[in-house]
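Written below as structure tokens is the structure these notes are about.
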There are 4 protein chains.
Amino acid sequence: MASPEPLARKARGRPRKAGAEERIFDAALEEYGERGWAGFTMDAVARRAGVGKSTVYLRWQDKDSLLTAAVGARSGVIEDVDTGSFRGDLEGLAGNLFRYLLDPIGWATLRISVDAAGAPEPLGRFTDAVTELHHSGASVIFARGAARGDLGPDVRKDALADCLYGAVIMQTLGLSGDSRRLSDEDIAERVRVLVDFVLCGAG
Amino acid sequence: MASPEPLARKARGRPRKAGAEERIFDAALEEYGERGWAGFTMDAVARRAGVGKSTVYLRWQDKDSLLTAAVGARSGVIEDVDTGSFRGDLEGLAGNLFRYLLDPIGWATLRISVDAAGAPEPLGRFTDAVTELHHSGASVIFARGAARGDLGPDVRKDALADCLYGAVIMQTLGLSGDSRRLSDEDIAERVRVLVDFVLCGAG
Amino acid sequence: MASPEPLARKARGRPRKAGAEERIFDAALEEYGERGWAGFTMDAVARRAGVGKSTVYLRWQDKDSLLTAAVGARSGVIEDVDTGSFRGDLEGLAGNLFRYLLDPIGWATLRISVDAAGAPEPLGRFTDAVTELHHSGASVIFARGAARGDLGPDVRKDALADCLYGAVIMQTLGLSGDSRRLSDEDIAERVRVLVDFVLCGAG
Amino acid sequence: MASPEPLARKARGRPRKAGAEERIFDAALEEYGERGWAGFTMDAVARRAGVGKSTVYLRWQDKDSLLTAAVGARSGVIEDVDTGSFRGDLEGLAGNLFRYLLDPIGWATLRISVDAAGAPEPLGRFTDAVTELHHSGASVIFARGAARGDLGPDVRKDALADCLYGAVIMQTLGLSGDSRRLSDEDIAERVRVLVDFVLCGAG
DNA sequence: AATTAATCGAGACGGTACGTCGGGTCTTATG
DNA sequence: CATAAGACCCGACGTACCGTCTCGATTAATT
């Protein structure tokens with residue numbers, strides 16, 4: 001999500017082990033995927049990463065921080081595709097968002113955002129980061145659409161983005177367990193209906 | 001959400017303490033509100049409710065169940081209002097949803113749904129219950145709209161509901177900490193834009 | 001060493017498990033005997049006693065306290081025997097002290113006393129308890145000796161006790177590992193020489 | 001205790017830092033004095049000595065070795081004084097032993113011996129070293145006494161030494177905390193009684 | 001002068017134990 | 001019977017220390 005790696009290295013002691021960060025992230029996300037938050041254990045993460053617990057705690061202060069960082073580091077971007085038409089672009093984006101949210105890591109990102117938004121003190125700037133993540137995909141498409149003339153100047157872009165993203169969230173929220181394994185055709189169908197709707201409205 | 005209290009109580013022994021259920025719910029939600037999920041403990045709930053742990057476990061089998069029940073019992077319903085027009089009804093509903101999600105308990109409902117949807121084994125039937133909760137409000141409005149003739153027969157009602165609810169979620173997701181204190185005017189303005197959009201679309 | 005068990009039991013909750021204290025002491029002393037202080041682990045003690053760690057920590061605040069208590073509870077008394085003569089009594093007492101100190105638990109008592117005497121803040125009243133333990137055996141013998149007329153009135157009893165006990169400590173201090181397995185004859189011989197000396201002196 | 005410094009140093013690399021050994025010993029004994037064995041930490045010793053941990057581990061293989069070496073290096077010798085009479089020599093020796101054991105470092109020597117004697121595998125040859133230390137002082141006095149004719153040929157020298165040393169240990173064992181600050185007069189008085197006793201016995 | 005080799009400080013490493021805390025169960029005495 | 005109190009077993013938490021290791025920087029003796 002961001003490059004935490006600073007520039008210069010002046011460190012005096014033994015340098016931090018090279019691949020540790022990556023291996024710990026992998027281990028954390030595997031554990032999280034297999035056991036969920038309740039069964040997510042620092043000991044297990046350290047063991048699976050082949051690393052001492054102190055190595056983990058040297059980098060992240062607690063369980064929350066580690067999972068947040070892991071999810072932040074690994075959660076993909078919702079990529080936009082240039083299909084040549086505004087409608088096509090929207091369908092592509094919504095489809096990618098669907099796939100993103102049906103993946104445990106992507107869903108975890110949402111879960112953490114929801115936690116963060118409700119928490120007394122903001123959990124890092126996680127919410128902002130996720131918001132940014134969501135809007136960056138859409139804005140590219142809007143720019144392209146405007147350039148092509150597919151998109152009227154008075155369209156409420158924010159509303160469109162909120163509706164499209166939100167509707168996908170609503171639909172994935174209604175799926176749990178095995179029903180979350182949607183085929184590409186299912187996704188395409190759902191996306192088509194949604195994009196239809198946001199383009200035409202209920203009028 | 002549902003009537004948890006069973007039917008008759010012919011019990012032979014000491015009757016269940018009168019206000020216990022309520023006091024435990026209150027305690028649970030206060031604890032949850034103050035400390036979040038991570039700091040939410042059964043011990044603290046029992047202590048705050050002035051109740052033994054066994055009394056709690058006699059009624060709910062575990063932490064999840066208690067929190068789910070508490071949230072279910074206390075989370076208001078997203079009420080619909082009959083304003084006389086379909087557009088007015090939608091604005092009323094969306095406004096209520098806004099207020100619901102900006103309240104800690106309402107937000108907790110969402111948080112739990114998100115957890116439940118992603119969990120390996122479904123967390124009770126919480127997901128279904130929430131889905132039901134969301135759709136019941138909308139369906140009343142649709143029925144009224146259809147009766148009034150405000151609503152064409154070929155409108156994708158599900159898409160409309162998903163977009164409207166989803167967009168509200170997206171917007172509240174972008175608010176954290178103090179920015180979650182929205183005035184009624186703010187809400188009304190956001191709602192107006194949203195309803196405008198879902199009624200007309202981007203076409 | 002002392003009866004820690006209070007008088008009445010008014011306790012309201014679940015009563016403390018019956019044999020736990022005993023089993024924990026046994027486990028602690030076995031672990032201590034097998035692995036020494038360095039290898040003495042609370043986890044291992046709890047496991048060996050078939051008890052949760054919290055059960056241990058509910059009773060003793062830390063490792064030191066547990067070992068101290070265990071040693072205090074189990075370390076036998078240096079018994080005195082009535083042989084009919086003052087010399088015989090002294091030999092019996094010194095022999096028992098020898099056996100006591102050659103036993104791992106008895107030696108641990110000494111080890112802890114030494115720690116306690118040197119510690120910044122006194123380790124409980126362990127030092128006093130041990131002092132008391134040592135003097136009680138001797139005083140009985142002195143009383144008996146005086147009654148029999150074996151013991152002149154101007155004898156420095158404290159000096160005698162210190163010399164006898166101290167000499168036995170010095171001798172066991174010089175033994176380590178396998179050489180600590182002394183036969184009864186060895187002990188008797190050493191004791192005879194010692195008692196001879198304290199009765200006659202170097203004059 | 002012994003000269004740890006080897007003979008010639010032709011070493012090719014960077015020579016060992018000059019005062020390091022001394023500063024580490026000081027730091028070790030201060031830490032040990034302040035916190036006792038339980039709170040005695042290699043990290044703290046290194047920090048206090050202003051030295052890297054590797055510098056410590058380059059010289060001693062582990063915590064035991066360091067403390068043993070430090071105590072061995074710093075613990076004074078129980079010096080004997082030639083007072084002209086056997087009795088006077090004994091009193092001088094016992095007084096010095098008293099002072100030695102009331103000093104934290106001297107007492108640590110005893111503590112380590114006690115640990116060593118009870119340990120499964122002997123802690124270095126510490127026990128032997130201490131035994132040697134104790135007997136060397138006495139043997140000089142005995143030799144002098146024999147030369148002067150103060151000392152009969154049939155006296156059990158070992159018993160005498162064991163009693164004298166042992167009695168002093170017993171007395172210091174009974175003192176903890178502030179009561180360990182004995183004035184020279186107190187010591188002289190105690191010593192007089194003890195020497196009286198070992199010279200005349202209880203007969 | 002360049003090379004070599006030992007040591008230094010700092011501090012991260014994999015482990016392991018600490019003492020704490022919470023979950024969910026169980027056992028008592030008291031309603 | 002239900003309750004409150006609270007001890008039970010279990011296992012994870014986050015911390016601290018052990019003894020090892022890997023750095024870059026010194027510091028001589030040897031080339």
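Per chain, numbering begins at 1; letters A, B, ... match sequence-line order.
Atom CG of C:Leu67 is separated from atom C1' of E:dG19 by 17 Å (rounded to the nearest Å). Here the P atom of nucleotide F:dC9 and the CZ atom of C:Arg48 are 17 Å apart, to the nearest Å. One atom, CE of D:Met42, and another, P of E:dG11, lie 18 Å apart when rounded to the nearest Å. In this structure, B:Arg35 atom CZ and E:dG22 atom C1' are separated by 14 Å, rounded to whole Å. What separates CZ of D:Arg23 from P of E:dC8 is a distance of 11 Å, to the nearest Å. Between the CH2 atom of B:Trp37 and the C1' atom of E:dG23 there is a distance of 11 Å, rounded to whole Å. Regarding D:Glu31, its CD atom lies at a distance of 10 Å from the P atom of F:dC17, rounded to whole Å. The separation between A:Phe40 atom CZ and F:dC13 atom P is 8 Å, rounded to whole Å.
For the pair C:Arg23 and C:Glu30, the salt-bridge criterion is not met [side-chain N within less than 4.0 Å of a carboxylate O]. For the pair C:Glu22 and C:Arg74, the salt-bridge criterion is met [side-chain N within less than 4.0 Å of a carboxylate O].
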Contacts under 3.5 Å, N or O only, protein and nucleotides 5-8 of chain F:
unit_1: F:dA5; atom_1: N6; unit_2: B:Ser54; atom_2: OG; d: 3.2
unit_1: F:dA7; atom_1: O4'; unit_2: C:Arg14; atom_2: O; d: 3.1
unit_1: F:dC8; atom_1: OP1; unit_2: C:Lys17; atom_2: N; d: 2.9
unit_1: F:dC8; atom_1: OP1; unit_2: C:Arg59; atom_2: NH1; d: 3.2
unit_1: F:dC8; atom_1: OP1; unit_2: C:Arg59; atom_2: NH2; d: 3.3
unit_1: F:dC8; atom_1: OP2; unit_2: C:Arg59; atom_2: NH1; d: 3.2

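Distances shorter than 4.0 Å separate none of the side-chain N or O atoms of A:Lys63 from OP1 or OP2 on F:dG14.
In summary, the aromatic rings of B:Phe25 and B:Trp60 are positioned with their centroids under 6.0 Å apart.
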Verdict with reasoning, A:Arg47 to A:Asp43, per salt bridge (charged side-chain N to carboxylate O under 4.0 Å, His left out): CA-CA 6 Å; A:Arg47 206 175 319 119; A:Asp43 291 73; 5.1 Å; no
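The nearest heavy atom of DNA chain E to D:Ala49 and to B:Ala44 marks one nucleotide each, and the one closer to the 5' end goes with D:Ala49. If D:Asp43 and A:Tyr57 are placed on DNA chain F by their nearest nucleotide, the residue sitting closer to the 5' end is A:Tyr57.
Closest heavy-atom contact between C:Tyr32 and C:Arg111: OH-NE, 2.6 Å. Heavy atoms only, all atoms of each residue included: C:Tyr57 and C:Asp62 are closest at CE2-CA, 4.1 Å. Across all non-hydrogen atoms, the minimal contact from C:Val71 to C:Ile105 is CG1-O, 4.2 Å.
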